[in-house]
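All remarks here apply to the structure that follows.
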Amino acid sequence: EGLTNPHVQRLAFKIAYYDQVSRAYDVIHQHEKSKDVGVHSANVVAPSSWGLEAIGWTSVFEKITKSLIDDNIPKTPTQPMLFYEFASSLEPPKQYMTEDYDIETSTGYKIYFSDSTRTRREILVRIFKPLLGDIFSFSAVSQIFEALGTKSDGEYVMKCFGEWFASLSVKEVTKKAIFAEESPVKRWLQERINAQLEDESSDADPPMEAIYQYCRRSDELVRAFWLATLCHESISQVAEEKEEKTYGKVTKESLVGRWEDLLRQLRVCMLVSFRLYGIQLGPMPINVHDVDKAEEFSPFQWLAHDELLMSHNHQEILSLENACRQSSHAFNASTSEADPPVKWKALQTACLASTLSPDERTEYLVDFDDDERLGALLLYLRPHNIGTVLVAHRALLLAAKWGKQPGDLEILHDALVALRAIDAEDLKRIAYAVRVEIWQSRIRPVFRALMFGFEDVQEISPEVVAPLFQQVDWVKSFSEITSTVLGMLNEFEWHDVEVLNLREEYLEVTASGGAQSWPPVAECPILNKLVDRNKRLKSSAFQAHQMLLAALKVTQDFPKLSHCIPSFYELFTPGALFQKAIPLEDAEENQQALMQDAVVDYARGYNGPSMDTLNLRDIEVLSDLFEFEMDNIRTLFLLAMYEFGKDRLVDEVITRSAPAISVGHFCDGAVEIICRRLNYMIHERPTEEVRSIMGTLDANMCEWIKEKADNSESLVGGGEMNVPIGNTHLFALRLLSLGANADIDK
């Protein structure tokens, strides 16, 4: 103060800063040179129920992860820290001219530790080490923060304490902190708690707020549970004294209750993460804070994961859900109902299911609530057992699983069963959103790659999917599923004023604990995001996709298809279903040519059995999409069959199917076929038998037959002429009968 020369100011700052750092280092160095610091062995007291539960969760962690919980903790330093190591871990004030400098108490600047978690953790191990010594050493920690000028920043000190405590081994946590008699750690915490309780300002945070938030954000759930247990026990004693001192104005419940709630929330997080170990539940590891935000994590998705680990069968899962709703073994893991040891031990036992094989989990489906079995997650999150929401998640999860195992179409079939089970009336927008999501993220990319290659398909791996395209049965089955899902998308009717992105009410919080449970029963963020993305299908785009799927069953001639189907090369791209398909010029003419070729190819390949009805299957579907008259298509098929000489396969169906064909068209074509056959037999390749009777034939009739044959054109580009005369004779008789019934002149 009063200095104007910037160089002098800079020098004054360095001297003051160095003095503070030196005083803090002296405290650390003095205690590190003492051989007794940190090796004090205290008497161990009986653990509380929370402490015993923490021990249990530690054991569960090690059994499931097959690793020791202390494997990755930093090693305790054995050599005293050098001054430069300490100084380099601190952050000097960047704006020292405007920083507050406490002259009255000589604490100087507020000097904080490095922003690097690793660097900070290494230095915190040394700073808080006195708390692991005897009761007379713990005051050194406060002296260090006082020297650094941050002792008054209680929340920062608490945050540092939380980071340090998370780096301790379980042995140190239990024997030197939580279960230690006259624990210096508890004593130090209680002093801080008392100091914070003395702050009666209106905006004062609750005691240990920084540690509380640290536990909420920590994804090291077991260590967070240990730390919360320590804080719970530390504040309990202070709270009793405070309640007595204030004559009940400040209650123990108000101070301790939030820590008990936090412990129960951590319990739920551990239950879910261990029970579903190995499954990615969100973009980041699970923690209380992120679950509370309800943006990425969904309890409904957790339950659906757990259900699918036991069975993919929809009916079996429905039975499981109903049984869990009625089970006497069910309880809410997030309330005091789960505090008795017998309850939290059941939760910890249930977590061990993650070590079972898939077959073993299936066996446990039957005895899910047996005392000696590993209970379903539905038993402990019962308020979230809402079948209409769970089935939507199962459909999404099964589709995602198929995406990782595309060769197993049974998984995709199971997803479709779940997809159909979503209530399309009460949950119309959700049902639509889930169908769109499965189409867009799973079905569409694979079919696009199947059609046009992987060049513009980034969602799937060519190495995994490409070999499947060589398997005819797989391609056929997948194409059928694609058609099914596409059809399901078009099952919804939307009014012009109907908004597709409105949230639907599907939750009923009942007296069963939904309002008090954690996570609270609330709308699913995952489903809400899907609903937010809802778009209307364009009818022209839907029809174009339908045409392509149907056309591919009768032909793979892409050049022809591209002239028949609107927006052909844009189909199955991400936005294709939601944009109008561009109509083609001469589309009808090209479609007629395509249909004729398809019918002829179908007739060429049909070799039995004899037809009882005219069912052309895929050709009829495509004809309907092209808006062609089906009687003309059937007529074309019958004529093609006779062109190929396959009379015996369709003779019986002609008279039965007269109403289903164009009789006049058929008779005209049939006469030409008979004339070509007779002309071939009489004039082109006459047999000895024919030659012997040629003199008896009517010359005018023979000339008419020849003229008719020469002026006609084969539908199939040259049909089968070498047909037994008996077959042709029968064909002519049936033709006469058909013409007579239809009142057609001979």
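For residues 154-163, the pairs satisfying salt bridge (Lys or Arg N to Asp or Glu O under 4.0 Å) are Arg120-Glu163, with sequence neighbours left out.
At least one donor-acceptor pair under 3.5 Å links the side chain of Asp70 to the backbone N or O of Val170. In terms of modelled atom types and a separation under 3.5 Å, the side chain of Asp290 and the main chain of Ile286 share no donor-acceptor contact. Remark: the backbone N or O of Pro206 is not paired with any side-chain donor or acceptor of Arg258 at under 3.5 angstrom. Of the possible donor and acceptor atoms, one in the side chain of Ser319 sits under 3.5 Å from a partner among the backbone N and O of Gln315.
In this structure Glu337 satisfies the side chain to side chain donor-acceptor pair (under 3.5 Å) test with no other residue, sequence neighbours excluded.
Within the 4.5 Å cutoff, no side-chain heavy atoms of Arg325 are placed close to those of Leu320. Counting heavy atoms from C-beta outward, Phe165 and Ile211 have side chains that stay 4.5 Å or more apart. Residues Asp426 and Thr388 are not in side-chain contact: their nearest non-hydrogen atoms beyond the backbone lie 4.5 Å or more apart. Using a 4.5 Å heavy-atom threshold, the side chains of Ser167 and Leu124 count as separate.
Counting heavy-atom neighbours within 6.0 Å of Gln405 CD, excluding the residue itself, gives a total above 12. Residue Glu498 places its CD atom among more than 12 non-hydrogen atoms of other residues, nucleotides or ligands, all under 6.0 Å distant. More than 12 heavy atoms of other shown residues, nucleotides or ligands fall within 6.0 angstrom of atom NZ in Lys529. Surrounding CG of Asp71 are more than 12 heavy atoms belonging to other residues, nucleotides or ligands, all under 6.0 Å away.
Salt bridge Asp339/Arg267: present, at least one basic N to carboxylate O contact under 4.0 Å. Between Lys245 and Glu240, none of the side-chain N atoms (NZ, or NE/NH1/NH2) sits under 4.0 Å from a carboxylate O, so this pair counts as no salt bridge. Ion pairing between Arg503 and Asp532 holds under the 4.0 Å rule for side-chain N and carboxylate O. Looking at Glu437 and Arg533, a side-chain N of the basic residue comes within less than 4.0 Å of a carboxylate O on the acidic one, giving a salt bridge. In this structure, Lys428 does not pair ionically with Glu504, as no charged nitrogen and carboxylate oxygen lie closer than 4.0 Å. Checked for salt-bridge contact, Asp292 and Arg216 meet the test: a charged N lies under 4.0 Å from a carboxylate O. Remark: Glu459 does not engage Arg442 in a salt bridge, criterion side-chain N to carboxylate O under 4.0 Å.
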Show the numbers, then the answer: is there a side chain to side chain contact (heavy atoms under 4.5 Å, CB included) between Trp164 and Leu131?
CA-CA 11 Å; Trp164 164 74; Leu131 295 184; 4.0 Å; yes

Show your working on salt bridge (charged side-chain N to carboxylate O under 4.0 Å, His left out) between Lys249 and Glu243 and close with a plain yes or no.
CA-CA 7 Å; Lys249 182 179 179 181; Glu243 185 176 46; over 6 Å; no

Any chance you could lay out the side-chain hydrogen bond (donor to acceptor under 3.5 Å, both in side chains) test for Thr58 and Trp226, step after step, and finish with the verdict?
CA-CA 9 Å; Thr58 303; Trp226 276 113; 2.9 Å; yes

As a quick check of understanding, evaluate side chain to side chain contact (heavy atoms under 4.5 Å, CB included) for Cys351 and Leu347, giving each step before the final call.
CA-CA 6 Å; Cys351 292; Leu347 299 178; 5.7 Å; no

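Note that the CG atom of Asn534 and the CG atom of Leu500 stand 5.0 Å from one another [nearest 0.5 Å]. Here the straight-line distance linking atom CZ of Arg264 with atom CG of Leu266 works out to 12.0 Å at 0.5 Å rounding.
Using bins of under 30°, 30° to 60° and over 60° for the plane-to-plane angle, the ring pair Phe128/Trp188 lands in the perpendicular bin. Taking the six-membered ring where tryptophan is involved, the planes of Phe300 and His384 are perpendicular, since the angle between them exceeds 60° and thus also 30°.
Close placement of the Trp494 and Tyr432 rings is indicated, their centers lying within 6.0 Å of each other. The aromatic ring centres of Trp402 and Phe478 sit less than 6.0 Å apart.
In summary, the side chains of Glu53 and Trp57 do present a donor paired with an acceptor at a separation below 3.5 Å, with no hydrogens or angles considered. Ser334 and Gln265 are not linked by any side-chain donor-acceptor pair at a separation below 3.5 angstrom, with hydrogens and angles left out of the test. Gln196 and Arg192 share no side-chain donor-acceptor pair at under 3.5 Å. A donor and an acceptor atom, one from each side chain of Arg394 and His314, are located under 3.5 Å apart.
Only one option out of Leu255, Val256, Asn194 pairs with Val238 in a side chain to side chain contact (heavy atoms under 4.5 Å, CB included); it is Asn194.
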